[in-house]
Amino acid sequence: MTSAFRHTSRSAAHRTLRREVPSTAAVLADEQDFTAMRRYRTFPFDDHGSYLQQMETLLRTLAAQGVLTTLSLFDPAAFEQYCAQQDLDPDRPDSRTRYTAEAARTGARVTYEGEPLKQLLPLLVEEADRQSAWNHAAAFLARAGSCDDCGADLAHAAFARATQALQQLLTSLGGGTHHLVCSIAAGAPSLLAVLRVTDGAGDRLRLAESETLVFCTVLAAGLALRTPGGIVSRTTADLTDPAHHGATTGPLRDTVRGWSLRDSWLRPLTGAEVFTAYCTDADSGEPIPPEPGVDYAPGLPLEPPPDAHDH
């Protein structure tokens with residue numbers, strides 16, 4: 001066997017093995033986080049745009065080699081805390097490497113499949129927000145305790161009610177594409193969960209399991225703690241369909257409805273309340289012009305379970 005053949009064979013084996021060893025990368029998604037990392041002398045980048053371009057080149061190179069790469073977010077504040085806990089110097093490349101591995105193991109992550117980074121980053125940020133909402137809501141639920149009268153687990157009961165409420169809500173809304181937002185005033189900032197629902201085959205609704213879990217957990221936290229909050233739905237549907245609860249007829253339009261949390265259940269808002277809530281700036285309190293092609297309709301009544309007032 002010639003030396004050249006042995007070298008070629010070893011190179012082929014190395015490439016094969018490389019494809020079977022996954023990679024991880026953590027990206028500074030926004031300019032503010034990038035600027036925070038520039039205070040470290042060993043951080044080698046000075047322009048966020050150039051940094052993102054080089055990151056995308058690296059990801060594409062790994063993908064071309066058949067390497068599976070997991071992408072997570074690099075959080076400078078969490079990195080600093082991690083270094084303090086592990087007694088690491090944050091101004092060292094190997095400290096950033098170790099944090100990247102930890103972020104990929106415990107934080108939000110997506111698999112890179114060759115798409116442009118600007119397309120993938122919003123999905124990654126969305127996944128991070130979803131995971132953060134779930135963590136905070138689960139922590140609130142863990143503190144709910146037991147019912148003083150019957151000893152029932154309040155967190156378990158609240159999650160069951162949240163699931164029932166969502167099922168009723170989707171049944172009442174009917175067909176179409178629904179965008180649901182649940183907001184609970186528990187802590188700062190408020191807990192927020194988003195759920196997208198679309199029509200599937202055989203009149204079945206399609207919704208992502210992870211989004212549904214987070215949505216129900218956030219809603220359950222509000223029900224268990226009896227905190228202010230509510231749900232807003234925005235539905236795009238063919239309003240000529242008579243099953244669409246008496247909304248304005250016509251071609252495709254959006255209908256907005258709302259519910260508030262009262263007595264551990266969802267109570268429908270009036271059309272005027274929905275209009276006011278949707279057309280008011282949350283920060284300034286100033287009115288916002290209504291959107292064209294949008295109907296502001298009352299929330300649909302939902303039947304509370306027998307124990308909704310007891311726990």
Side-chain angles (χ1 to χ4, degrees), residues 17-63 65 67-143 186-194 210 213-214 217-218 221:
L17 183 61
R18 181 69 188 94
R19 286 195 295 270
E20 297 183 9
V21 178
S23 292
T24 60
V27 61
L28 294 157
D30 60 45
E31 188 77 42
Q32 182 177 352
D33 286 347
F34 179 84
T35 301
M37 290 302 296
R38 289 195 61 198
R39 69 178 182 270
Y40 297 118
R41 178 185 55 82
T42 59
F43 185 69
F45 304 98
D46 56 15
D47 177 76
H48 189 228
S50 175
Y51 159 82
L52 290 178
Q53 289 177 357
Q54 293 185 54
M55 176 65 74
E56 182 165 332
T57 298
L58 171 62
L59 293 172
R60 288 186 180 277
T61 299
L62 292 171
Q65 295 172 355
V67 177
L68 178 69
T69 303
T70 299
L71 188 64
S72 60
L73 288 176
F74 197 107
D75 183 335
F79 168 66
E80 186 175 5
Q81 184 179 22
Y82 173 79
C83 288
Q85 292 172 343
Q86 301 295 322
D87 195 25
L88 299 174
D89 180 0
D91 201 359
R92 288 179 57 90
D94 57 340
S95 297
R96 293 193 291 273
T97 300
R98 291 181 62 175
Y99 171 74
T100 294
E102 179 69 10
R105 184 179 69 86
T106 62
R109 54 196 178 274
V110 295
T111 300
Y112 180 75
E113 298 179 343
E115 59 269 74
L117 198 55
K118 65 178 180 180
Q119 176 181 325
L120 193 60
L121 283 182
L123 300 179
L124 181 56
V125 172
E126 189 176 275
E127 178 62 26
D129 290 342
R130 187 159 46 241
Q131 181 170 313
S132 177
W134 185 86
N135 288 338
H136 284 92
F140 280 119
L141 278 177
R143 298 200 295 266
S190 297
L191 290 175
L192 195 70
V194 177
S210 59
L213 173 62
V214 174
T217 305
V218 169

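For clarity, every value in this text was computed on a predicted model and none was experimentally measured.
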Which value, rounded to the nearest 0.5 Å, describes the distance between [X] atom [atom1] and [Y] atom [atom2]?
{"X": "E127", "Y": "R109", "atom1": "CD", "atom2": "CZ", "value": "8.5 Å"}
{"X": "T100", "Y": "R96", "atom1": "OG1", "atom2": "CZ", "value": "9.0 Å"}
{"X": "L59", "Y": "E113", "atom1": "CG", "atom2": "CD", "value": "12.0 Å"}
{"X": "L121", "Y": "L73", "atom1": "CG", "atom2": "CG", "value": "7.5 Å"}
{"X": "T70", "Y": "R105", "atom1": "OG1", "atom2": "CZ", "value": "13.5 Å"}
{"X": "L28", "Y": "D33", "atom1": "CG", "atom2": "CG", "value": "6.0 Å"}

When you look at CD of Q32, are more than 12 heavy atoms from neighbouring residues, nucleotides or ligands closer to it than 6.0 Å? no
With D89, which residues qualify under salt bridge (Lys or Arg N to Asp or Glu O under 4.0 Å), at least two apart? none
Using the salt bridge (Lys or Arg N to Asp or Glu O under 4.0 Å) criterion, which residues pair with R60? Sequence neighbours excluded. E56
Which residues satisfy the side-chain hydrogen bond (donor to acceptor under 3.5 Å, both in side chains) test with [X], sequence neighbours excluded?
{"X": "R38", "answer": "none"}
{"X": "E126", "answer": "R196"}
{"X": "D87", "answer": "none"}

Sub-4.5 Å side-chain heavy-atom contact between [X] and [Y]:
{"X": "M37", "Y": "P76", "answer": "yes"}
{"X": "V218", "Y": "L192", "answer": "no"}
{"X": "V27", "Y": "L52", "answer": "yes"}
{"X": "L120", "Y": "L71", "answer": "yes"}
{"X": "S95", "Y": "C83", "answer": "yes"}
{"X": "L88", "Y": "R92", "answer": "no"}
{"X": "Q54", "Y": "F45", "answer": "yes"}

Might you point out which heavy atoms bring [X] and [Y] nearest each other, and give the distance in Å?
{"X": "A103", "Y": "S72", "value": "CB-OG, 3.8 Å"}
{"X": "M55", "Y": "A25", "value": "SD-CB, 4.3 Å"}
{"X": "T24", "Y": "A101", "value": "OG1-CA, 4.5 Å"}

Between the main-chain N or O of [Y] and the side-chain N or O of [X], is there a donor-acceptor pair closer than 3.5 Å?
{"X": "S132", "Y": "A128", "answer": "no"}
{"X": "D91", "Y": "R41", "answer": "yes"}
{"X": "T97", "Y": "P93", "answer": "yes"}

Ring pair (Phe, Tyr, Trp, His ring centres under 6.0 Å) partners of residues 89-117, not counting sequence neighbours, each pair once: F74-Y99, F79-Y99, Y82-Y99
Parallel, tilted or perpendicular: which one describes the rings of Y51 and H48, with boundaries at 30° and 60°? parallel
